[in-house]
*Asks:* 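Mind looking over this structure? Questions follow.
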Amino acid sequence: MTGTPTASLECLPLLASALTAAGRGWPVIPLHPGSKRPAGHAERVCPGTGRCTGGHRTPEERATTDPDLIRAAWANRPYNFGIATGPAGLLVIDLDPVKAEEPKGAPDGATSLQALCERAGQVLPDTYRVRTARGEHLYFTAPAGVRLKCSVDRLGPHIDTRAWGGYVVAPGSTTPDGTYTVACDAPVAELPDWLTMLLTEPDRPAPAPVRVHDGTRAARVALERECAGIASATDGGRNSTLHRSACKVGRFVAWGDIPRHVVEEAIQGAGESTGLPPAECRTTIRSALDWVIAHATPREAA
């Protein structure tokens, strides 16, 4: 096609794989070469131009099946690529290995899934499978009318799922741990009803408003307002909302208007109330506060 950049030989295999995934209706995103991390800018440094003119777009929102956009992205760099599972209509079960620090005999993801099936008296259907760098991905078609979210260890130890709000590293990609390859090229099966029931989150009760008693009035009001915003966030926007709110309140910590631990505890509770894993909340909050405190400008004179 005239005007379409030509990919280098190094980029061609990954470009071909990305186009194949897009051809199946699976929106793809570029990941840094040799990495699992999405390419592109973080929200805190978003220029607000181009595709982000109307506001920062998350990797899930930037994912595309447009062949021209994909060819342009892979024209000059051998990006790994991910599949945005929610927009692709997929639920992917991610089976991970046992961590080195765990006790001998601890079950890995495959063992945990087998035990789960035995307890439920069920057998998983044949489906599209990807051998990851350290485990396996099992692809399923997400059920219609149910907006499943990502989960961590919900089904069992070392069993994660990727759906709305997440992505999976796609076959053809390579990381320092190894290459992702198709282990079984069977058609993608529908997610069994019994697994859908286990993964369906009950409606969350409305979280109680946060009341803060430490810090200046301005700092308390700001923290309470941001916690309310975090608690109302849904699906793919939860982590970005958490990060943005922590950054906003972080300046009050930098100015000495409120203790850091008060901010961390309040925002952690708000983040967990949305269903985000505690460890993910802690990492996001710590990263945001560390950055803001290190780069905060002096308070402007009144």
Side-chain angles (χ1 to χ4, degrees), residues 4-42 57-102 108-111 113 127-140 150 152 158-163 165-188 236 239 280 283:
T4 302
T6 301
S8 67
L9 290 176
E10 184 184 16
C11 301
L12 283 176
L14 284 161
L15 170 60
S17 296
L19 288 171
T20 297
R24 303 182 75 156
W26 297 345
V28 301
I29 54 173
L31 309 177
H32 287 288
S35 169
K36 298 180 181 181
R37 294 184 299 108
H41 58 264
R57 300 185 70 188
T58 65
E60 182 178 77
E61 293 168 331
R62 295 197 303 268
T64 183
T65 58
D66 186 323
D68 289 338
L69 288 177
I70 294 170
R71 291 190 184 97
W74 271 267
N76 299 309
R77 294 196 71 192
Y79 288 114
N80 279 341
F81 74 101
I83 296 168
T85 41
L90 296 172
L91 183 290
V92 176
I93 297 178
D94 180 8
L95 304 179
D96 285 330
V98 176
K99 295 180 174 63
E101 65 271 18
E102 292 186 86
D108 60 10
T111 302
L113 182 60
T127 192
Y128 184 82
R129 293 174 178 246
V130 172
R131 186 174 296 107
T132 71
R134 301 190 307 131
E136 191 172 32
H137 286 164
L138 282 62
Y139 284 52
F140 293 96
C150 299
V152 177
H158 302 299
I159 305 176
D160 299 340
T161 63
R162 295 290 178 264
Y167 65 91
V168 290
V169 180
S173 301
T174 299
T175 70
D177 292 323
T179 299
Y180 288 64
T181 59
V182 176
C184 178
D185 200 13
V188 178
N239 192 281
E280 183 177 347
T283 299

*Asks:* Which heavy atom of Ile159 sits nearest a heavy atom of Leu113, and at what distance?
*Replies:* CD1-N, 3.5 Å
*Asks:* With rounding to the nearest 0.5 Å, note down the distance linking OG1 in Thr132 to CG in Asp96.
*Replies:* 7.0 Å
*Asks:* With sequence neighbours excluded, tell me which residues meet side chain to side chain donor-acceptor pair (under 3.5 Å) with Thr161.
*Replies:* Ser151
*Asks:* What's the separation between atom CD1 in Ile83 and atom OH in Tyr167, rounded to the nearest 0.5 Å?
*Replies:* 12.5 Å
*Asks:* Within this structure, what is the SG-CH2 distance for the pair Cys11 and Trp74, rounded to the nearest 0.5 Å?
*Replies:* 10.0 Å
*Asks:* Are Asp94 and Val168 close enough that some pair of their side-chain heavy atoms sits under 4.5 Å apart?
*Replies:* no
*Asks:* Going from CG on Leu95 to NE2 on His158, what distance comes out if it is rounded to the nearest 0.5 angstrom?
*Replies:* 11.0 Å
*Asks:* Distance check, rounded to the nearest 0.5 Å: Leu19 atom CG versus Arg71 atom CZ?
*Replies:* 5.5 Å
*Asks:* Could you report the tightest heavy-atom contact between Ala163 and Cys150, atom names first, then the distance?
*Replies:* N-SG, 3.5 Å
*Asks:* Please identify each residue that fulfils ring-ring contact (aromatic ring centres under 6.0 Å, His included) with Tyr139, with sequence neighbours left out.
*Replies:* Trp26, Tyr128
*Asks:* To the closest 0.5 Å, what do you measure between CD1 (Ile70) and OG1 (Thr64)?
*Replies:* 5.5 Å
*Asks:* Is the side chain of Ser173 donor-acceptor paired with the backbone N or O of Phe81 at a distance under 3.5 Å, no angle test?
*Replies:* yes
*Asks:* Can you name the residues that form a side chain to side chain donor-acceptor pair (under 3.5 Å) with Thr175, not counting sequence neighbours?
*Replies:* none
*Asks:* Looking at Val98, is its backbone amide N or carbonyl O close enough to the side chain of Asp108 to form a donor-acceptor pair, meaning the two atoms are under 3.5 Å apart?
*Replies:* no
